[in-house]
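Just below is one structure, and these are the notes that go with it.
Source: prediction; values computed, not measured. So that the names make sense, note that chain A is the first sequence line, chain B the second, and so on, each numbered from 1.
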Amino acid sequence: MARSLRKLPLRPKPHISPRPWHPPSSHKQEFLRLCSNGSLREALGVLLSQQWSDPNAFILASGAAADRFAANHLLHAYAEHRDLRSARALFDKMPRRNVMSYNILIGGLVKNGDLGSARELFDRMPQRNVASWNAVVAGHAHFGFDQEGLGYFLGMRREGFRPDEFGLGSALRCCAGLKDVVSGQQIHAYVAQSGLEFDMCVGSSLAHMYMRCGSLRDGESVLRALPFLNVVSCNTIIAGRAQNGDSEGAVEYFCLMKAARLAPDEVTFVSVVSACSDLAALGPGRQAHAQALKAGVYSSLPIRCSLVSMYSKCGCLDYSLKVFSESCSSDLVLWSAMIAAYGFHGHGHAAVQLFKEMMKEGIEPTEITFLSLLYACSHSGLKEQGMEFFKLMTETYKLMPNVRHYTCMVDLLGRSGLLQEAEALIKSMPVSADAVIWKTLLSACKTHRDTEMAERVAKIVITLDPSDSAPYVLLSNIRANNQRWSDVSEVRTAMRERRVRKEPGISWVELKGQVHLFSTGDRSHPLRREIEECLKEMIRKMRQWGYVPDTSMVLHDMEEEEKEFSLVHHSEKLAIAFALLSTPSGATILVMKNLRVCDDCHVAIKLMSKIEKREIVVRDVSRFHHFRDGTCSCRDYW
DNA sequence: TTAGGGTTAG
C-alpha cells in the first residue's frame, strides 16, 4: 500500500464566524436613512455587509416582508445568526414566498437542530428544488438520523431530481453512519457517472463511507484519486486507519502530513491521540499533546478526552487525572473517559467515587459510562456495588444493557464463585450470547475449578468461536487429568482439523527510545544468554518462596519438563528478565503484552517484584497490573 | 444545502 503524501496545494476552507455587530454610527445612520426612504434593498445591503443581526431590525422587517428579495436576505441573516424566532415571524408575514424563502428557513431550522419543524415546513412546501431536498438530507445526516436522511435522498431521486454534490455528500454520510456499504456503492456508481468523484467533499465523504464500512483499501484508493489533499482528506485517512486496526499506519500518516507541511487541526489531533492510545505509544502521544498545545487547540474537549484515555492506556494514570482536572468541565464523555481510566488500572473505588460525583454534578450517564463503571467494579471485585449499578442503569435510567454489560455482570458473579448464577444470567438475558460472554464464564470455571461446568461451557465456546485455542487446551487438560485419553485425542484431532493455533504471545519493553520485542520461546535477542541465566536464577529463588509452575494451561502432549520450559520462556518473563538486566536496580519496569497475562506468569511476576524489590508494571490486552512487593494491584481480579 | 474527530467491551 502506497503511503506517500503528495505535495499538493492546500485549499483553505473559508470560514466566516458570526459575530455581533456594533455598527459604527455612520453605518447605522446610513441604514436608517435608506429605510426611511423605502430603499429596503439598499438598507439590507448595508445591514448584511456588517453581518448584523439585531432584534431592532425586525421592526423594519414589516416593510421588508413585502419585498421578497429584501425579505429573503433578511431571513437569511436571521437564520445565519440563529435568531429563528425573528426568522419565523418574518417568514409568516411574507405575502409572496418562493422556494428560496422556504429553503432558507428550513436551513436555519436544521442548523438549530429543530428537525421536526424543518420536516413539517418541507412537507407543506408548494414546490421544491434540489436545494430543498439537500437541506433535509443534510439535516438528518448531521444529527445522526441516517436512515431518515437516506429515505429523503431516495425520495428526491423518486421525484426525478438529479442529486448534486451537496446531496450526495450528505447521503454518503448517512451510509457511513449506517455502515451500509451496499447503498454506498450504489451512490458511488452514480457519483462516478456524474463526474463528481473528484470533488473534494464528495471524495472525502465517499472515502469516509468505505472506511466506516471497514474497507480501508477502497477508502484510500478514492482519496488517492483526488486532485489534491487537504487537512480533511488527511484526517479521513488517519481516522480511517485508526478505526480499522491500523493505528501504526495512522501515526505514520500523521508524520507524513507534518513533513508535507500540512498543518494538523483539532480533528487530526483527536484521531492521532486515539491511535497512540490504541498502540500504548506514550512517546508519540506526548508529542501530539505538545503540538496540540502549540497549535492552540488544547481547549478542545474531544482532544482532552482522547488524552485522558491515551495517558491511562500508556500507564500514566496521574497524567490522565491532570488533564481531567485541568479541564473543569461537565462534559459527559470526559467524565466517562476518566472513569474508564480508573477502571483500566484496577482503581475500582476511585471509579465509583468519580461516578457518584458525576451524578452530583447532574451529568446524565450513558450506556458507555455504565459499561466503564461495571468493568471497573468487576476488575476490582466490587460485586455488591456492580450489581447495584446494573440495577441503577436498567431501572432508574432505563438504559438497555447490551451483551458487554451482561459480560461484566457474568464476570462479577463468576469471579465471586457464583457460577450457577452467572450461567443463569446468560441464559435469561434478552440479548443473544456471544463467544466472549461464554469465555468469561469459562475463565471463572477455571478459577474455581468447576470441571463439569468448564467442559460444558468449553464446548459452547468452541461452537461459537472455533478458532480460539484456549477452550480446546482447557478441555484437553480436564480430560487428561481424568485419564480420558480417547477424549483427549478427539480434542487434538479437532484442533488439527480446524487448524487452530494459539496466537503467539508478544511482549515488549521500551528502553532509551528503542523497542525490544520478545515472543514466547524467543532466542533471537543479542542478550539471550544473559536473559536465560537471569531467568534460571530467578526461578531458583522463586522456588524457595514456594513457586510451583502452573502447567494447567499448557497443552498436554508435552512432558512435564517441557511444559515448565515453555512456561519459563513466556514472552513477558523474557521481557522482564531483559529489563532487569538493562535497567538500574530499583527502577520501575514497564512491559506491554498483546494477550492477557497467564495465571502462571501472574504468580511469577508477583514473586519477582518481591525478590527484586522492584515495581513491575505489565499492561496486557485488557488492563494494567502494578506488581509491588509480592502483590498485584488487580488483587488477582483480571 | 456538501467532507474528517472524543469515552466502552474482546
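Residue contacts shown for A:Asn402 are absent, as no nucleic acid heavy atom lies under 4.0 Å away. Across all strands, A:Ala131 comes closer than 4.0 Å to base atoms (heavy-atom distances). Contacts of A:Ser271 with the nucleic acid, taken as non-hydrogen atoms under 4.0 Å apart, involve only primed sugar atoms and P, OP1 or OP2. Nucleic acid contact class of A:Glu367 (heavy atoms, under 4.0 Å, all strands): none. Backbone-only engagement by A:Arg173 is indicated by non-hydrogen atom pairs under 4.0 Å involving sugar-phosphate atoms exclusively. The residue A:Asp265 sits close to a base: some heavy atom pair falls under 4.0 Å. Among the atoms of the strands shown, base atoms are found under 4.0 Å from some heavy atom of A:Ser300.
Rounded to whole angstrom, the span from the CD1 atom of A:Ile106 across to the P atom of B:dT2 amounts to 13 Å. Between A:Leu172 atom CG and B:dT2 atom P the separation is 14 Å, expressed in whole Å. Between A:Leu442 atom CG and B:dG10 atom P there is a gap of 15 Å when expressed in whole angstrom units. Remark: P of B:dT1 and CG of A:Leu121 are 13 Å apart, rounded to the nearest angstrom. Across the protein-nucleic acid pair, A:Asp278 atom CG and B:dG6 atom P stand 12 Å apart, rounded to whole Å. Rounding to whole angstrom units, CD1 of residue A:Ile187 and C1' of B:dA3 are separated by 14 Å. If you measure from atom CD1 of A:Ile437 to atom P of B:dG10, you get 12 Å, rounded to the nearest angstrom. If you measure from atom CH2 of A:Trp438 to atom C1' of B:dA9, you get 19 Å, rounded to the nearest angstrom.
Comparing atom distances between the A:His76 side chain and each of B:dT7, B:dG6, B:dT1 picks out B:dT1 as nearest. The nucleotide whose nearest atom lies closest to any side-chain atom of A:Val267 is, among B:dG5, B:dT8, B:dG10, B:dG5. Closest to the side chain of A:Val333, out of B:dG6, B:dT1, B:dT8, is B:dG6. Of the candidates B:dG6, B:dT7, B:dA3, the closest approach to any side-chain atom of A:Pro302 belongs to B:dG6. You'll find that the side chain of A:Val202 is closest to B:dT2, out of B:dA9, B:dT2, B:dA3. When the nucleotides B:dG10, B:dT7, B:dT2 are ranked by their closest atom to the side chain of A:His379, B:dG10 comes out on top. Of the candidate nucleotides B:dG5, B:dT1, B:dG6, B:dT1 has the atom nearest to the side chain of A:Lys111. If you check B:dT1, B:dG6, B:dT7 against the side chain of A:Asp331, the one that comes closest is B:dG6. Candidate nucleotides B:dT7, B:dA9, B:dT2 were compared by shortest atom distance to the side chain of A:Ala337, and B:dT7 ranks first.
Contact annotation: A:Ser309 reaches the phosphate of B:dT8 (side-chain N/O to OP1 or OP2, under 4.0 Å). Between A:Lys313 and B:dT8 there is a side-chain N or O to OP1 or OP2 distance below 4.0 Å. Within the 4.0 Å cut-off from OP1 or OP2 of B:dG5, at least one side-chain nitrogen or oxygen of A:His208 is found. At least one side-chain nitrogen or oxygen of A:Ser274 sits closer than 4.0 Å to the OP1 or OP2 atom of B:dT7.
Under the 4.0 Å criterion applied to side-chain N and carboxylate O atoms, A:Glu367 and A:Arg404 are not assigned as salt-bridge partners.
Relative to the six-membered ring of A:Phe324, A:Arg304 misses at least one condition, a distance below 6.0 Å or an angle of at most 45° to the axis.
Residue-environment remark: OH (A:Tyr190) exceeds the threshold of 12 foreign heavy atoms within 6.0 Å.
Stacking annotation: A:Phe166 is not stacked on the base of B:dT2 (requires ring centroids less than 5.5 angstrom apart and an interplanar angle below 30 degrees).
Taking the six-membered ring where the residue is Trp, the centroids of A:Tyr298 and A:His289 are separated by under 6.0 Å. Less than 6.0 angstrom separates the ring centroid of A:Phe122 from the ring centroid of A:Trp133.
Between the side chain of A:Ser205 and the base of B:dA3 there is no donor-acceptor pair of N/O atoms closer than 3.5 Å.
A:Ser320 contributes a side-chain N or O that, together with a main-chain N or O of A:Ser312, makes up a donor-acceptor pair within less than 3.5 Å. Remark: side-chain polar atoms of A:Asn244 are paired, donor with acceptor, to backbone N or O of A:Gly240 under 3.5 angstrom.
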